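It should be emphasised that the depicted structure is a prediction, and the values quoted were computed from it without experimental measurement.
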Amino acid sequence: MSAFYSILYCTIRPNQDERISIGLFMADGERCFFSFSKEKLNILKELIPGDAFSLLKSNLRAISELANAYADDFMHAHKSSSILSESYFSYLSVYANNLLTFSAPTNINITLDQNNFNRLFEKFVFNIPVNRTEKVSKIDIVRKRLAKSIAKRVNFDVEMTENEVPGLIVPSKVTFVGKNNVEVVGEMSDFTKALYMLKQQVGSHLFLVDKMKEKNKDTKFFFIGDEPSKKLPEHHSIWKSIRTYSAVQLVPTSEVELIEEYMDTHHVEPFFSS
């Protein structure tokens, strides 16, 4: 399958069109890879104002989170599957002309895998240190585990709409959904991710919870995630709000066997027949 890539640049002097390559995105419609150079990011900290540097880091992390969601989106229902498309990068290459810019997507007829991505990353962005290892988050590990252990009992990465939930104004994505005598819904999140993304996800999910509870007060909700550091007070406050909300059962990543056992003992079946 043909893939495409786009190089991300940080603009240092707009009036002189001076910029530094900082990251690389690559996708083929089924898989995607994204990475940015932490080494170059450290250099840029000395070259651009503090508020601009903070914005740059936030944007890069947001793209990383979308790319991770894309990679784990088994049903291709997540919004990132359309946002991180070739056509969208074509749009960005024309209209994103401030701090972070994007090259026009370039098609390349190679297999999209980690090795080929690394080769292009070293060519266009920066050398990959030999001792660098990819850090896999606990949420990613749990997502892959549940994708196997409860695969026959739920639908993964689907959007609930007003067709399924009366009064739901905006479709809401959930990690998994099943049913027995009641609906069983699961969502998961890294509580240390960008605050605006966390607020958006949690707010949307809790609205879904309220609407589904109106339809059936016995609907079962799981929310998977670990307690963030108290040094992140706003993140910790959101985590605490979910922990104390009786309508949702908060499950740490170390205890997901509780969900697996619930699925078996309650004979949960997929919510959508197809």
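Annotation: side chain of T161 is in contact with side chain of E164 (closest heavy-atom distance under 4.5 Å). Counting heavy atoms from C-beta outward, L168 and F207 have side chains that approach closer than 4.5 Å. Residues N181 and D218 fail the side-chain proximity criterion, which asks for heavy atoms closer than 4.5 Å. Proximity of K152 to M263: side-chain heavy atoms (C-beta onward) are nowhere separated by under 4.5 Å. Considering only heavy atoms from C-beta on, I141 stays 4.5 Å or farther from T253 through its side chain. Taking 4.5 Å as the limit, every side-chain heavy atom of H235 sits out of range of all side-chain heavy atoms of I238. Here the side chains of L56 and L60 are in contact, with some heavy-atom distance below 4.5 Å. Side-chain atoms of I12 and L44, non-hydrogen and from C-beta on, do get closer than 4.5 Å to each other.
A donor-acceptor pair is defined here as one N or O able to donate and one able to accept, closer than 3.5 Å; such a pair exists between the side chain of N42 and the backbone of K38. Here the side chain of S6 pairs no donor or acceptor atom with the backbone of A104 at under 3.5 angstrom. Formation of a donor-acceptor pair under 3.5 Å by the S204 side chain with backbone atoms of Q200 is not found in this model. The main-chain N or O of S241 is found under 3.5 Å from a side-chain atom of T244 such that the two form a donor-acceptor pair. Side-chain atoms of K213 come within 3.5 Å of backbone atoms of T219 as a donor-acceptor pair (strictly under, hydrogens ignored).
Minimum interatomic distance between S189 and Q201 (heavy atoms only, all atoms of both residues): OG-OE1, 2.8 Å. Considering every non-hydrogen atom in both A52 and I48, the closest pair reads C-CD1, 4.1 Å. Considering all non-hydrogen atoms of both residues, I139 and I224 come closest at CD1-O, 3.9 Å. Between C32 and A67, the shortest heavy-atom contact is SG-O, 3.5 Å. When all heavy atoms of E187 and T175 are compared, the closest pair comes out as OE1-OG1, 2.6 Å. Minimum heavy-atom separation, A147 to F156: CA-CZ, 3.5 Å.
For K193 and F191, the positive end is not near the middle of the six-membered ring at less than 6.0 Å and at most 45° from its axis. K57 forms no cation-pi arrangement with F53, by the criterion of a distance under 6.0 Å to the ring centre and an angle within 45° of the ring axis.
Taking the six-membered ring for Trp and thresholds of 30 and 60 degrees, F36 and F34 have ring planes inclined between 30 and 60 degrees apart. Aromatic ring orientation, F176 versus F222: tilted (interplanar angle from 30° to 60°). Taking the six-membered ring where the residue is Trp, Y262 and H266 present parallel rings, their angle staying beneath 30° rather than reaching 60°. The aromatic rings of F4 and F25 sit tilted relative to each other, their planes meeting at an angle between 30° and 60°.
Side-chain contact annotation: E122 with N118, donor-acceptor N/O pair under 3.5 Å absent. Looking only at atom types and distance, the side chain of Q249 has a donor-acceptor partner in the side chain of K220 under 3.5 Å away. A donor-acceptor contact under 3.5 angstrom links the side chains of K40 and S21, judged on distance only. Between the side chains of S237 and E234, no donor N or O sits under 3.5 Å from an acceptor N or O. Side-chain contact, S137 with D140: a donor N or O sits under 3.5 Å from an acceptor N or O.
One hydrophobic cluster holds both I110 and F33 under the rule that ILVMFWY side chains link at heavy-atom gaps under 4.5 Å. Under the 4.5 Å side-chain contact rule for hydrophobic residues, L232 and M188 do not share a cluster. V251 is not connected to V182 by any chain of hydrophobic side-chain contacts under 4.5 Å among Ile, Leu, Val, Met, Phe, Trp and Tyr, and they are in different clusters. Hydrophobic clustering places F272 together with V165 (ILVMFWY residues linked when any side-chain heavy atoms are closer than 4.5 Å, directly or through intermediates). Follow the hydrophobic side-chain contacts under 4.5 Å out from Y9 and you reach L24 in the same cluster.
Applying the 6.0 Å contact sphere to OH of Y95 captures no more than 12 heavy atoms from other residues, nucleotides or ligands. The local environment of NZ in K45 is sparse, with at most 12 non-hydrogen atoms from other residues, nucleotides or ligands closer than 6.0 Å.
Atom CG in N155 sits 9.0 Å away from atom CE in M160 (nearest 0.5 Å). Distance check: F126 CZ to E39 CD gives 5.0 Å after rounding to the nearest 0.5 Å. Separation of atoms CG (L41) and CD1 (I22) is listed at 5.0 Å; rounding is to 0.5 Å. The line from OG of S35 to CD1 of I63 is 11.5 Å long, rounded to the nearest 0.5 Å.
Results of the side-chain hydrogen bond (donor to acceptor under 3.5 Å, both in side chains) test with E227 over R243, H236, K240 single out H236 as the only residue that passes. The side chain to side chain contact (heavy atoms under 4.5 Å, CB included) test with F221 is passed by exactly one of I242, V209, L250: V209. Of the residues listed (D28, N107, T106), the one engaging E86 in a side chain to side chain contact (heavy atoms under 4.5 Å, CB included) is N107, and it is the only one.
Aromatic ring centroids of Y245 and F223 lie 6.0 Å or more apart.
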S103 vs F124, test: side-chain contact (heavy atoms from CB on, under 4.5 Å). Steps then yes/no. CA-CA 11 Å; S103 71; F124 295 121; over 6 Å; no
Show the numbers, then the answer: is there a side-chain contact (heavy atoms from CB on, under 4.5 Å) between I7 and L120? CA-CA 10 Å; I7 306 168; L120 287 179; over 6 Å; no
Could you go step by step and tell me if I150 and E260 meet the side-chain contact (heavy atoms from CB on, under 4.5 Å) rule? CA-CA 7 Å; I150 63 173; E260 295 166 333; 4.1 Å; yes
Assess the residue pair L47 and I20 against the criterion (side-chain contact (heavy atoms from CB on, under 4.5 Å)); give the C-alpha distance rounded to whole Å, side-chain angles, the decisive distance to 0.1 Å, and a yes or no. CA-CA 11 Å; L47 300 178; I20 293 178; 4.3 Å; yes
Audit row: R31, D113, salt bridge (charged side-chain N to carboxylate O under 4.0 Å, His left out) steps and yes/no: CA-CA 9 Å; R31 305 182 66 195; D113 56 30; over 6 Å; no
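Between D190 and K138, no side-chain nitrogen of the basic residue sits less than 4.0 Å from a carboxylate oxygen of the acidic one, so the salt-bridge criterion is not met.
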